[in-house]
Amino acid sequence: MAVLQGPRSTYRMNSGHEIPILGYGVYMIPSSKTEQSTLEAFGIGYRHVDSAIMYRNERPCGRAIQNSGIDRSQVFFTTKIPPESMGYERTKRAIDSSLKEAEQEYFDLILIHAPYGGKQARLGSWRALVEAQQAGKTRSIGVSNYGIHHLEELEQYIKEGGGSAIDVGQYELHPWLDRTEITEWLKRRNIVVEAYSPLAHGYRITEAVLSTIGKKYNKSPAQVMIRWSLQKGFVPLPKSGTPSRIQENAEVFDFELSEEDMKSLNTGEYDPTDWDPTVDYD
């Protein structure tokens with residue numbers, strides 16, 4: 001695991017590019033508020049912003065990057081291909097449309113948002129991502145919400161000449177949904193694991209175990225959950241539109257959960273707070 005010095009510490013992906021170990025998620029942040037909240041995050045020290053076509057806020061993310069005063073090379077910007085854009089031609093069009101919408105020359109990472117559309121559509125979308133990477137439209141590529149069977153389907157395609165390795169796998173991950181089988185599959189292949197909804201949408205904030213551990217380190221339950229994610233080797237993507245919470249979510253590098261604390265957060269539960277395409281689609 002990388003030395004967790006701060007939000008700008010990085011992991012190296014299979015592509016050879018670096019990804020900051022803490023990201024700022026903009027899911028459900030209204031477009032009208034996204035630019036300012038993203039600028040707040042940049043001011044605190046974040047250098048990684050995670051958007052998607054489905055979120056409808058690529059443009060304000062792009063404008064925040066442009067207006068931040070930070071060199072573009074120092075910011076990691078992600079978008080995702082939505083279910084309605086699955087398949088080779090549709091994904092190609094979606095990539096070009098997103099670049100125009102976000103007013104960017106390239107993305108740092110493009111993910112397939114979910115394994116919808118069947119095998120032909122999934123592999124067609126991957127082919128489009130590989131071509132976009134080769135053309136410099138994105139530096140790295142990956143998938144989100146893929147089950148083991150989807151990952152193995154893609155791995156076989158890549159082995160048969162289907163292009164680049166998977167750089168990132170993004171999933172809902174927190175102590176009540178650690179997806180051990182999937183994350184171990186990814187890590188064995190040096191694929192970076194990103195954790196969306198690392199705070200479980202706030203549904204678990206009042207759990208006694210979080211309160212107990214938080215008091216030990218003088219940290220909030222949210223900070224404990226983010227720190228858990230970091231120590232699992234994940235790249236958490238906490239989302240908030242509130243400046244104080246954005247700040248709090250980044251203050252997770254001055255303490256370390258003990259082995260005992262990590263074990264106490266090994267709940268063994270499987271409780272998604274959102275969709276779960278890993279098991280719902282063939």
Side-chain angles (χ1 to χ4, degrees), residues 1-13 18-25 44-46 48 50 142 144-148 151 167-240 245-274 276 278-279:
M1 187 170 68
V3 177
L4 306 181
Q5 296 178 333
R8 299 184 208 177
S9 297
T10 61
Y11 292 126
R12 182 175 293 274
M13 295 176 286
E18 303 283 332
I19 181 171
I21 64 175
L22 180 67
Y24 177 59
I44 289 164
Y46 292 82
H48 176 176
D50 180 84
S144 181
N145 298 301
Y146 269 43
I148 293 289
L151 292 167
D167 296 312
V168 170
Q170 186 182 114
Y171 296 83
E172 179 182 352
L173 292 165
H174 47 75
W176 290 270
L177 185 66
D178 69 5
R179 301 188 191 273
T180 300
E181 183 181 4
I182 292 176
T183 59
E184 289 183 352
W185 191 99
L186 296 168
K187 288 180 178 181
R188 284 196 298 271
R189 291 156 176 83
N190 197 40
I191 298 169
V192 170
V193 181
E194 288 190 320
Y196 74 78
S197 301
L199 305 180
H201 291 296
Y203 297 139
R204 296 287 188 165
I205 289 297
T206 59
E207 293 281 347
V209 65
L210 295 175
S211 178
T212 299
I213 294 174
K215 288 177 181 176
K216 179 178 175 181
Y217 299 99
N218 194 29
K219 292 293 181 178
S220 71
Q223 289 170 319
V224 171
M225 292 179 77
I226 295 169
R227 185 68 202 189
W228 173 89
S229 191
L230 288 167
Q231 288 184 216
K232 293 285 284 187
F234 306 154
V235 174
L237 306 167
K239 166 256 173 180
S240 178
R245 294 276 179 83
I246 299 172
Q247 174 83 48
E248 177 184 305
N249 291 342
E251 294 175 343
V252 290
F253 296 96
D254 57 352
F255 76 110
E256 181 175 353
L257 299 175
S258 69
E259 184 177 346
E260 180 182 3
D261 294 328
M262 291 294 288
K263 285 181 179 179
S264 70
L265 290 169
N266 182 20
T267 69
E269 293 189 33
Y270 190 97
D271 188 19
T273 63
D274 212 326
D276 191 12
T278 65
V279 296

Report the distance from atom [atom1] of [X] to atom [atom2] of [Y], rounding to the nearest 0.5 Å.
X: Ile205; Y: Met225; atom1: CD1; atom2: CE; value: 5.5 Å
X: Leu265; Y: Trp228; atom1: CG; atom2: CH2; value: 8.0 Å
X: Glu184; Y: Asp178; atom1: CD; atom2: CG; value: 9.0 Å
X: Phe234; Y: Leu22; atom1: CZ; atom2: CG; value: 14.5 Å
X: Glu194; Y: Ile19; atom1: CD; atom2: CD1; value: 4.0 Å
X: Thr180; Y: Trp185; atom1: OG1; atom2: CH2; value: 16.0 Å

Show the nearest heavy-atom pair for residues [X] and [Y], with the distance to one decimal.
X: Ile148; Y: Ile182; result: CD1-CA, 3.8 Å
X: Val235; Y: Gly23; result: CG1-N, 4.5 Å
X: Ser229; Y: Ala195; result: OG-CB, 3.5 Å
X: Ala222; Y: Glu248; result: CB-OE2, 3.9 Å
X: Pro175; Y: Thr267; result: O-OG1, 2.6 Å
X: Gln223; Y: Ser220; result: OE1-N, 2.9 Å

Problem - Residues Tyr196, Asn145; criterion side-chain hydrogen bond (donor to acceptor under 3.5 Å, both in side chains); working and verdict - result: CA-CA 10 Å; Tyr196 74 78; Asn145 298 301; 2.7 Å; yes

Practice task
Test side chain to side chain contact (heavy atoms under 4.5 Å, CB included) on Lys239 and Asp50 and set out the steps.
Solution key: CA-CA 9 Å; Lys239 166 256 173 180; Asp50 180 84; over 6 Å; no

Does [X] reach the main-chain N or O of [Y] with its side chain, forming a donor-acceptor pair under 3.5 Å?
X: Glu172; Y: Thr273; answer: yes
X: Ser197; Y: Leu199; answer: no
X: His174; Y: Trp176; answer: yes
X: Tyr24; Y: Ser240; answer: yes
X: Ser144; Y: Gln170; answer: yes
X: Tyr171; Y: Gly147; answer: no

Handout entry: Leu186 side chain reached by Tyr146 side chain, heavy atoms, under 4.5 Å
Key =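 When only atoms from C-beta onward are counted, Leu186 and Tyr146 do not touch, as no gap falls below 4.5 Å.
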
Practice task
For the residue pair Lys232 and Met262, establish whether any side-chain heavy-atom pair is separated by less than 4.5 Å.
Solution key: yes

Problem - Side chains of Gln231 and Arg227, donor plus acceptor under 3.5 Å - result: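 Indeed, the side chains of Gln231 and Arg227 share at least one donor-acceptor pair under 3.5 Å.
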
Exercise for the section: Output, in order, the C-alpha distance, side-chain angles, deciding distance and verdict of side chain to side chain contact (heavy atoms under 4.5 Å, CB included) for Leu177 and Asp271. Expected result: CA-CA 6 Å; Leu177 185 66; Asp271 188 19; 5.7 Å; no

Practice task
Give a yes or no on this: more than 12 heavy atoms of other residues, nucleotides or ligands lie within 6.0 Å of atom CD of Glu181.
Solution key: no

Practice task
Please work out whether the ring planes of Tyr217 and Phe255 are parallel, tilted or perpendicular, with thresholds of 30° and 60°.
Solution key: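 Ring orientation of Tyr217 relative to Phe255: tilted.
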
Handout entry: Identified side chain to side chain contact (heavy atoms under 4.5 Å, CB included) counterpart of Met13 within the set Val168, Ile191, Asn190
Key = Val168

Problem - Among Pro198, Ser9, Pro236, side chain to side chain contact (heavy atoms under 4.5 Å, CB included) partner for Leu230 - result: Pro236

Exercise for the section: Step by step, work out the side chain to side chain contact (heavy atoms under 4.5 Å, CB included) result for Glu251 and Ile226. Expected result: CA-CA 10 Å; Glu251 294 175 343; Ile226 295 169; over 6 Å; no

Exercise for the section: Quick one: list whatever passes side chain to side chain donor-acceptor pair (under 3.5 Å) with Arg245, sequence neighbours left out. Expected result: none

Problem - Side-chain ion pair, Asp276 and Arg179, N-O less than 4.0 Å - result: yes

Please table the atom pairs, donor to acceptor, closer than 3.5 Å between any side-chain atom in residues 208-216 and protein atoms at least two apart or in another chain.
residue, atom, partner, partner atom, Å
Thr212, OG1, Ala208, O, 3.0
Lys216, NZ, Asp261, OD1, 3.4
Lys216, NZ, Asp261, OD2, 3.2

Handout entry: Set of salt bridge (Lys or Arg N to Asp or Glu O under 4.0 Å) partners for Glu207, sequence neighbours left out
Key =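 Partners of Glu207 under the salt bridge (Lys or Arg N to Asp or Glu O under 4.0 Å) test: Arg204.
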
Exercise for the section: Mind running side chain to side chain contact (heavy atoms under 4.5 Å, CB included) on Leu173 and Val193 for me, showing each step along the way? Expected result: CA-CA 9 Å; Leu173 292 165; Val193 181; 3.5 Å; yes

